[in-house]
Amino acid sequence: KAGVTQTPRYLIKTRGQQVTLSCSPISGHRSVSWYQQTPGQGLQFLFEYFSETQRNKGNFPGRFSGRQFSNSRSEMNVSTLELGDSALYLCASSLGTGRYNEQFFGPGTRLTVL
Amino acid sequence: AQRVTQPEKLLSVFKGAPVELKCNYSYSGSPELFWYVQYSRQRLQLLLRHISRESIKGFTADLNKGETSFHLKKPFAQEEDSAMYYCALSRHSGYSTLTFGKGTMLLVSP
């Protein structure tokens, strides 16, 4: 069974631009969560989607948004990029929502903002 | 708000020595605790979770609600245990949201 895939793997943008990251969950998984990983703050929760609905949102500004499609694939968008948005963005999928569902992580997208 | 604290950024031990990776949490409710591991050049993956009470790769972790701790232990470290270890907490049964600690790098020397 193929794992969680994220595209692109690496991205370089300049301040003020916007970016869209994509996540394809494991086949059959309906829940997708996004995390931001930085050396200073560690892993921080961004969003959780289940059946195209945002179930939970972390403490990030409105520049960070996401969505989930009917095939469970998910995208996250960051508008008006800032230097501090440079991070590894991880996507995780699980069969269902709820803490008893094991989450499987993707390899991440490394975003660099210049 | 919930918080997970891993006091050690780096733990260095020799092969065969016991290992204890510390994790403390703050949450007033009934949390579910996890340990995730990331080996070099690999994805973050679940090592074990409190509710299953399993021993994975020789690692165990006991939830101590009185001390709000969930320390990860292994009696005899192996070189292949070298990795980054993250303690995580899930506070709400209806969500998958995880709150992570900042991680501890375990280095096992021969």
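Just so it is clear, the model here is predicted, and its values are computed rather than measured. Sequence lines set the chain letters: A, B, ... in the order given, protein chains first and strands last, and positions in each chain run from 1.
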So for atom CG, which belongs to N59(A), do other residues, nucleotides or ligands contribute more than 12 heavy atoms lying within a distance under 6.0 Å?
no
Using heavy-atom distances under 4.5 Å, tell me whether Q37(A) contacts chain B through its side chain, its backbone, both, or neither.
side chain
Specify which of G108(A), P107(A), S33(A) makes the most heavy-atom pairs with chain B at under 4.5 Å.
P107(A)
Counting only heavy atoms not in E80(B) (residues, nucleotides, ligands), do more than 12 fall under 6.0 Å from its CD?
yes
I need the residue from Q41(A), R55(A), Q44(A) with the largest number of non-hydrogen atom pairs under 4.5 Å to chain B.
R55(A)
Are L11(A) and L90(A) connected into the same hydrophobic cluster when the rule is that any two of I, L, V, M, F, W, Y join if their side-chain heavy atoms are below 4.5 Å apart?
no
What residue in S31(A), G42(A), S94(A), G106(A) has the most heavy-atom pairs under 4.5 Å with chain B?
G106(A)
Neighbour count above 12 (heavy atom, 6.0 Å) for R63(A) CZ
yes
Under 4.5 Å from any heavy atom of chain B, what part of E48(A) do you find: side chain, backbone, both or neither?
side chain
Side-chain heavy atoms under 4.5 angstrom apart, residues restricted to Ile, Leu, Val, Met, Phe, Trp, Tyr: same cluster for Y89(A) and I26(A)?
no
According to a hydrophobic-cluster definition based on side-chain heavy atoms being under 4.5 Å apart (Ile, Leu, Val, Met, Phe, Trp, Tyr only), do V78(A) and V32(A) belong together?
yes
Ignoring hydrogens and angles, tell me if any N or O in the side chain of R43(B) forms a donor-acceptor pair with the backbone of G3(A) under 3.5 Å.
no
Using a 3.5 Å distance criterion without hydrogens, assess whether the side chain of K102(B) forms a donor-acceptor pair with backbone atoms of P39(A).
no
Largest heavy-atom contact set with chain B, pairs under 4.5 Å, which of F45(A), F104(A), F47(A), F50(A):
F45(A)
Got more than 12 heavy atoms from elsewhere within 6.0 Å of CZ, R15(A)?
no
Determine, step by step, whether Q103(A) and Y36(B) satisfy the side-chain contact (heavy atoms from CB on, under 4.5 Å) criterion, reporting the C-alpha distance in whole Å, the side-chain angles of both residues, the deciding distance to 0.1 Å, and the verdict.
CA-CA 10 Å; Q103(A) 293 195 57; Y36(B) 279 80; 4.0 Å; yes
Run the side-chain contact (heavy atoms from CB on, under 4.5 Å) test on T99(B) and L43(A) for me, step by step, so that the C-alpha distance in whole Å, both residues' side-chain angles and the decisive distance to 0.1 Å come before the verdict.
CA-CA 8 Å; T99(B) 299; L43(A) 282 150; over 6 Å; no
Heavy-atom count check: over 12 atoms from other residues, nucleotides or ligands less than 6.0 Å from F69(A) CZ?
yes
Compute the ring centroids of F100(B) and Y35(A), then answer whether they are less than 6.0 Å apart.
yes
Could you walk me through whether F105(A) and Q42(B) pass the side-chain contact (heavy atoms from CB on, under 4.5 Å) test, one step at a time?
CA-CA 10 Å; F105(A) 282 82; Q42(B) 293 188 28; over 6 Å; no
